[in-house]
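So that the names make sense, note that chain A is the first sequence line, chain B the second, and so on, each numbered from 1.
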2 protein chains.
Amino acid sequence: MNEFDLIEKYFAPLSRDGLKDDAATLSVPGGHELVVSSDTLNAGTHFLENAAPADIAHKALRSNLSDLAAMAAQPLAYQLNLAFPEKPSEKFLKDFTGALAEDQKEFGIFCSGGDTTSINGSLSISITVMGVIPGGKAPKRGGAKEDDVVILTGPVGDAFIGLQILRGKIETGDDDYFIEKYYRPRPRLDMIEHLRKHAHAAIDISDGLVADLTHICKQSNLAAEIRITDTLFSPQAQKLLHKGTVTQEELLTGGDDYELVLAVPAAARVPGHTIGVFRPGPPQVAAFDVAGTPMAFSHKGWTHF
Amino acid sequence: MNEFDLIEKYFAPLSRDGLKDDAATLSVPGGHELVVSSDTLNAGTHFLENAAPADIAHKALRSNLSDLAAMAAQPLAYQLNLAFPEKPSEKFLKDFTGALAEDQKEFGIFCSGGDTTSINGSLSISITVMGVIPGGKAPKRGGAKEDDVVILTGPVGDAFIGLQILRGKIETGDDDYFIEKYYRPRPRLDMIEHLRKHAHAAIDISDGLVADLTHICKQSNLAAEIRITDTLFSPQAQKLLHKGTVTQEELLTGGDDYELVLAVPAAARVPGHTIGVFRPGPPQVAAFDVAGTPMAFSHKGWTHF
């Protein structure tokens, strides 16, 4: 089976038009803007070399969908670029595209095209996701206002723990839970309507809560004061914190979580934990523990270089 | 300089909004469709490991723009995903983004976002290009009609010769000319209006003339009969053909050219060489030499696996 046959058998069914042309044509509804984002995931950096094909597919597509969620955009289509170190097995392609098909159904998106290539190196997956939003409704990182509260939509740190388990560094009583959080994050597309109504700024916390909240601070030129309590962590993570298996700093800066952090007016009713407030001041995050003591971080989040 | 500083210094200037958000928002004019295409270029496969950063940038962006040209779409924006084996030097980034900036100006496009990552392997560049076209105006591979003529917009095979020179396999008196054709192809965006008016089908010949014309045949369920004459090749390539340095088959199947092949009504006035005609018959390309003798090809074009 050559490259074109593999595309016909495994990738064309993910599309609407059979991937027949040099490019796809897509309609954007009148009065809407197109929202576009890209994420590349490389074996050994973003997922383990021995990761299951379905896990890789879920993580790749969902981490991209998370960027649409942060922009309050409805998913439309995605481009899938795959660079393979060697000809992929049919088993790999079946599992990989099967997982994409599941996610397409769940999140309402389809594959509009892409490219499959051979690479001198490890598997690399680059996805560009496109969504739509009524014009002017997208929250921006630079939109936070003084006295806005900081909302976190869900627990932070679970994916970091999942990665440590996969690397064989720790064991927990909840390994499956944490690994699922690492490989199969849930993009918070359920928050879209809340964001469109209330959010002045939003970002997903894939680089770590502190690093990503710092992005909002910098673009909005405001300080964020946040209070770190156990309720920011899942009950499963809290158990490990209490045992000393992981630290709060690791969970707050580890990255790979796909919850959102938002700036919304204090009076807005938005699901999630209110963890702080935006104030005038140097554009950075000031974190305090339960006792009100400032917390210091040796690093803020993930960086490639 | 860390990852975020590098993005700020070298990539943000390629954008309109400073790449501040999780995603870009783009406007698509009313009555227009969005046209989307992706191409991945990997070191050692799509360009030589020792290629100059500017050459890599030109080839990557222009090969993507060529897909827009084949769809008769006006360039709008592109996503740039870069996976680096090691932290890139500032010299590399300066040359690379400088070449992109030149092409942005020339072809009327800007960078709407992307991702920079570290990879266990060679440099990999994945671009997703977006353009716009009045609704319903994009030529499709499946649109060729019986008695349409086959138009080739420019010479075929020059890029193949360029690659052979770069690999040290041949020498010519026109090395610079051929290498430029390999690394700095000119996407035929100047053909957009002709395509919108006349083309029933179009494709770029990046995989080789015969392979790509075969795609039109298959999608349109027609045979294409083409006549191979010296006028299909550049004067520089003709010299090498006459000396026996290269063969017609190599030039016709080598790939990496970014001319277009079109199906248009015989009466249409479209610039380019009329090289054949679409007929009812098995969906494949039948090539004949000047004497009318059928030509056979041992392979039709480039495939990754």
Side-chain angles (χ1 to χ4, degrees), chain A residues 2-4 6 20-28 30 33-46 67-68 70-71 73 77 79-85 87 112-122 124 126 128 130-131 133 135 138 140-142 203-204 219 303-305, chain B residues 2-4 6 20-28 30 33-46 67-68 70-71 73 77 79 81-85 87 112-122 124 126 128 130-131 133 135 138 140-142 202-204 219 303-305:
Chain A
N2 74 18
E3 183 189 357
F4 296 106
L6 292 175
K20 293 193 178 82
D21 292 296
D22 276 327
T25 51
L26 301 173
S27 294
V28 175
E33 287 175 310
L34 183 76
V35 176
V36 187
S37 183
S38 299
D39 270 323
T40 300
L41 281 76
N42 304 318
T45 306
H46 301 88
D67 288 318
L68 289 188
M71 296 292 279
Q79 295 284 114
L80 176 65
N81 285 20
L82 299 170
F84 289 107
K87 184 171 173 171
S112 48
D115 199 7
T116 56
T117 55
S118 49
I119 191 172
N120 178 14
S122 298
S124 177
S126 187
T128 292
M130 291 160 281
I133 187 169
K140 304 288 178 113
R141 291 183 187 175
I203 192 170
D204 79 11
Q219 299 298 338
T303 171
H304 278 280
F305 309 117
Chain B
N2 73 21
E3 182 189 358
F4 297 106
L6 291 176
K20 293 191 180 83
D21 293 295
D22 278 325
T25 51
L26 300 173
S27 294
V28 175
E33 289 176 309
L34 182 77
V35 177
V36 187
S37 183
S38 299
D39 270 323
T40 300
L41 282 77
N42 304 318
T45 305
H46 301 87
D67 288 318
L68 289 187
M71 295 291 282
Q79 294 285 115
N81 284 20
L82 299 169
F84 289 107
K87 184 173 173 171
S112 50
D115 198 7
T116 56
T117 55
S118 49
I119 190 172
N120 179 16
S122 298
S124 176
S126 185
T128 292
M130 290 160 284
I133 186 167
K140 304 289 178 108
R141 291 184 187 172
I203 192 168
D204 79 11
Q219 298 298 338
T303 172
H304 276 282
F305 307 116

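- When A/S27, A/S126, A/G135 are compared by the number of non-hydrogen pairs under 4.5 Å with chain B, A/S126 comes out ahead.
- Heavy-atom pairs under 4.5 Å with chain B were tallied for A/V36, A/L82, A/D67; the largest tally goes to A/V36.
- Your options are A/I133, A/D204, A/L34, and the one with the most heavy-atom pairs under 4.5 Å with chain B is A/L34.
- Judged purely by atom type and a 3.5 angstrom limit, B/T128 has no side-chain atom pairing as donor or acceptor with the backbone of A/T128.
- Taken from CE in A/M130 to CE in B/M130, the straight-line distance is 7.5 Å, to the nearest 0.5 Å.
- Among B/P85, B/G114, B/A43, the residue with the largest count of heavy-atom pairs under 4.5 Å with chain A is B/G114.
- To the nearest 0.5 Å, the span separating CG on B/N42 from CG on A/N120 amounts to 9.0 Å.
- Ranked by non-hydrogen atom pairs under 4.5 Å with chain B, the options A/G142, A/A23, A/S122 are led by A/A23.
- A/S38 and B/D115 form no side-chain donor-acceptor contact under 3.5 Å, judged by distance and modelled atom types alone.
- The choice from A/L41, A/L68, A/I119 that makes the most heavy-atom pairs within less than 4.5 Å of chain B is A/I119.
- Using a 4.5 Å cut-off between heavy atoms, B/A77 does not touch chain A at all.
- For chain B, the nearby parts of A/A24 are the backbone and the side chain; heavy atoms of each come within less than 4.5 Å.
- Minimum interatomic distance between B/T25 and A/A138 (heavy atoms only, all atoms of both residues): CG2-CB, 4.0 Å.
- Note that the CG atom of B/L26 and the CD atom of A/E33 stand 8.5 Å from one another [nearest 0.5 Å].
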